[in-house]
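Small disclaimer: the values here were computed from a predicted structure and weren't measured. Just so you know, residue 1 is the first one in the sequence shown, and it goes up from there.
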Amino acid sequence: MQVEMNHICKSFGANNVLTDISFSIKSGEVCALLGENGAGKSTLMNILGGVLEPDAGTIELDGKAVSFSSPVDSLDAGIGFVHQELNLVNDLTVYENMFLTHLKNKGAFLDVKYMQSEVKALFDRMNLDIDPNAMVRDLDASYKQIVEICRALLQNASIIIMDEPTTSLTEKEIECVFDMMRKLKRENVGIVFISHKLNEVMEICDTYSVLRDGKVVASGNVSDTNTREIAANMVGHEVIQDEHIPAEYGDEVLRVEDLSDGKNFKNVSFSVKAGEILGITGLLGDGRSELCQTIFGAMGGNYTGKVLLCGREIHHTQTYQAVESGIAYLPRNRKENSIIKDMSILDNGSIVVLHKIRKGPFIDFAKQEELFSKQSSKMRVKMDSAEDLITRLSGGNQQKVVLAKWLMSNPKVLILDNPTQGVDIGAKEEIYDIIQQLAKQGTAIMVLSSEAQEIIRVCDRSLIMYHGQVVSQVSGEDMTERNIMYFAAGGSLAQQEAASAANGAGGSLTTPEAASAANGAGGSLTTQDDASAANGAANSEEEQKE
């Protein structure tokens, strides 16, 4: 199937969202649709998916003009849409979800055996080990994505639109989805891949189109470009990463001594000073999120060891205690844990300080608006009205509102778990700048991330965790992707020094290279077991050399 969208225009009131856009996708091709938040990507795909109708322009399938007045029309034409917000019912089985919109009956009853057998046959064809009778709530996030994809296949989709399918997934889960995409390509299914992660685009896509301000500004083969060029096309100028210069440190703000919870982490000790940006990284399952949630009081206070804030021991069993003490925590999954979708931007951005802006039993709305307006201006939040629902904002601006919410509480310690998850490259640089400005103002900051590049870009130093323990600390010239991956994979300092000696002065380490190869070119960290296997294999090879 060949899909051609020609000269598409779309406006909402006086806002021109799409202007004379032409876009094409064919079966067996993976095409990246790129652009900053608000560039028009979702609007364009909503037109192709039958959610919206264009104001002008045409859609052709294999040279024949078509029009879609509903998602059903689009799906009937062979175009499936896997939305960023998954449309699955957790309390139904896999096969029930896959047939939810087109149930099969046998007389007056549902033909359960037929639906189960059809789903099983599809899973077998795609070499997927998923039980059609499993409850969706019991599936990992990646398998929920795959169920959505298979639902489109079950309805004979030849083109599948995937709107940021990897935003909330771990590296291991992302690879699972990529395996599925490669299988779809071999099945001659075309994929429109919307993503902000340019390293993923380079890995999985054949072609690309970049939108900016509702227009196509670049397109071509992925093999003919690079991430730097794509980023420049997305934002309209060269993306220059400012050199990270550490702020002046003040007194110690947070100290952790021999902290253990008996399950996720053990014997963890570190400290953070005012104005310092401390990174914590490792592999999936390293325990860093659980560690910081414990400090924030989100794990019920079940731990041994000590947590000291400004020299005073604290033991939080509830999150409100941490907030009152001056600790703020931005969790990793914005959609599930950071925003309240049915509330306004203003209410989301000030909910942490409502107790401070009360006037008797009521909220002082004038003070609420004044405080939020001041903070949102500092965060450079792009919005029409603070009274709009927060879901009206782009992902990057939602993240800025969440940051603004916590900064309104004037925290002594700010913990950021994957602070740039699901935001475009322009917003990512803005958030990095905000973090560095906060450090200059004396806030003690902790950045948790599985992206080595992010740790290097924004942190002064970083702890590296492995199986719940801090195994190394890197800073300065030692804070490189290779070193981070090496220690995160379980390598020790003694092993590193031995390997360096074996390879000679200036020689490269075998182990980090093996870990890098196992993790791909993007510099992201995968699971403990995968990296350990790669690390172990490399160590064995080094021993044989010696």
Is [X] salt-bridged to [Y], cutoff N-O under 4.0 Å?
X    : Y    : answer
K428 : E454 : no
D433 : R380 : yes
E430 : K400 : yes

Looking only at side-chain N and O atoms, does S373 offer a donor or acceptor that is under 3.5 Å from a partner on E370?
no
Minimum heavy-atom distance [X]-[Y], with the two atoms named:
X    : Y    : answer
V268 : G468 : CG2-O, 3.8 Å
A488 : G282 : CB-CA, 3.9 Å
I8   : M5   : CG1-CB, 4.0 Å
M383 : F372 : CE-CE2, 3.8 Å
K356 : S409 : NZ-O, 3.9 Å
K382 : L393 : O-CD2, 3.4 Å

Does a side-chain heavy-atom distance below 4.5 Å link [X] with [Y]?
X    : Y    : answer
I464 : V470 : no
V201 : K197 : no
L33  : F193 : no
N264 : T294 : no
D251 : V253 : no
M234 : R212 : no
M479 : I484 : yes
M135 : D138 : yes

Evaluate L330 against I415 for side chain to side chain contact (heavy atoms under 4.5 Å, CB included), listing each step before the verdict.
CA-CA 6 Å; L330 189 152; I415 304 171; over 6 Å; no
Do side-chain atoms of [X] reach the backbone of [Y] as a donor and acceptor pair under 3.5 angstrom?
X    : Y    : result
K41  : D163 : no
Q469 : Y466 : no
S260 : N267 : yes
S385 : E387 : yes
K10  : L44  : no
S271 : L254 : no

[X] [atom1]: over 12 foreign heavy atoms closer than 6.0 Å:
X    : atom1 : answer
Q437 : CD    : yes
D384 : CG    : no
F12  : CZ    : yes

Determine, step by step, whether R461 and E276 satisfy the salt bridge (charged side-chain N to carboxylate O under 4.0 Å, His left out) criterion, reporting the C-alpha distance in whole Å, the side-chain angles of both residues, the deciding distance to 0.1 Å, and the verdict.
CA-CA 9 Å; R461 62 186 174 97; E276 183 179 19; 2.4 Å; yes
Side chain to side chain contact (heavy atoms under 4.5 Å, CB included) between S325 and H316, intermediate numbers included:
CA-CA 9 Å; S325 295; H316 297 142; 3.0 Å; yes
Can you measure from [atom1] ([X]) to [atom2] ([Y]) and round to the nearest 0.5 angstrom?
X    : Y    : atom1 : atom2 : result
T443 : L407 : OG1   : CG    : 7.0 Å
I339 : I390 : CD1   : CD1   : 5.0 Å
N397 : S376 : CG    : OG    : 10.5 Å
F365 : K359 : CZ    : NZ    : 10.5 Å
E200 : F178 : CD    : CZ    : 4.0 Å
D213 : K215 : CG    : NZ    : 8.0 Å

Using side-chain hydrogen bond (donor to acceptor under 3.5 Å, both in side chains), reason through Y329 and D417 one step at a time and then give a plain yes or no.
CA-CA 8 Å; Y329 180 83; D417 196 344; 3.0 Å; yes
Suppose we screen for ring-ring contact (aromatic ring centres under 6.0 Å, His included). Which residues come up paired with H83, at least two apart in sequence or across chains?
F81
Sequence neighbours left out, what passes ring-ring contact (aromatic ring centres under 6.0 Å, His included) with Y303? Give chain and number order.
H315
Checking side-chain hydrogen bond (donor to acceptor under 3.5 Å, both in side chains) for the pair Q399/T420: CA distance, chi angles, key distance, verdict?
CA-CA 8 Å; Q399 194 77 332; T420 60; over 6 Å; no
Under 3.5 Å, which donor-acceptor pairs do the side chains of residues 143-150 form with other protein atoms, sequence neighbours left out?
| from | atom 1 | to | atom 2 | distance (Å) |
| --- | --- | --- | --- | --- |
| K144 | NZ | N90 | OD1 | 3.4 |
| Q145 | NE2 | P165 | O | 2.8 |
| E148 | OE1 | R151 | NH2 | 2.7 |
| E148 | OE2 | N87 | N | 2.5 |

Begin from the C-alpha positions of Q368 and D347 and carry the test side-chain hydrogen bond (donor to acceptor under 3.5 Å, both in side chains) through to its verdict.
CA-CA 9 Å; Q368 180 189 23; D347 288 338; 3.1 Å; yes
Could you please spell out the steps behind the side chain to side chain contact (heavy atoms under 4.5 Å, CB included) verdict for I280 and M465?
CA-CA 7 Å; I280 305 182; M465 295 185 67; 3.7 Å; yes
Where at least one partner belongs to residues 253-275, residue pairs that pass salt bridge (Lys or Arg N to Asp or Glu O under 4.0 Å), sequence neighbours excluded
E252-R255
Partner set under side chain to side chain contact (heavy atoms under 4.5 Å, CB included) for I340, not counting sequence neighbours
M343, N348, I351
Please name all residues satisfying side-chain hydrogen bond (donor to acceptor under 3.5 Å, both in side chains) with R137, sequence neighbours left out, ordered by chain then number.
D91
Just do the side chain to side chain contact (heavy atoms under 4.5 Å, CB included) check on V51 and F68 with the steps written out, would you?
CA-CA 8 Å; V51 179; F68 304 136; over 6 Å; no
Begin from the C-alpha positions of E429 and R457 and carry the test salt bridge (charged side-chain N to carboxylate O under 4.0 Å, His left out) through to its verdict.
CA-CA 10 Å; E429 285 300 316; R457 170 71 177 83; 2.7 Å; yes
Intermediate values then yes/no, side-chain hydrogen bond (donor to acceptor under 3.5 Å, both in side chains), N46 and S42:
CA-CA 6 Å; N46 280 331; S42 293; 5.6 Å; no
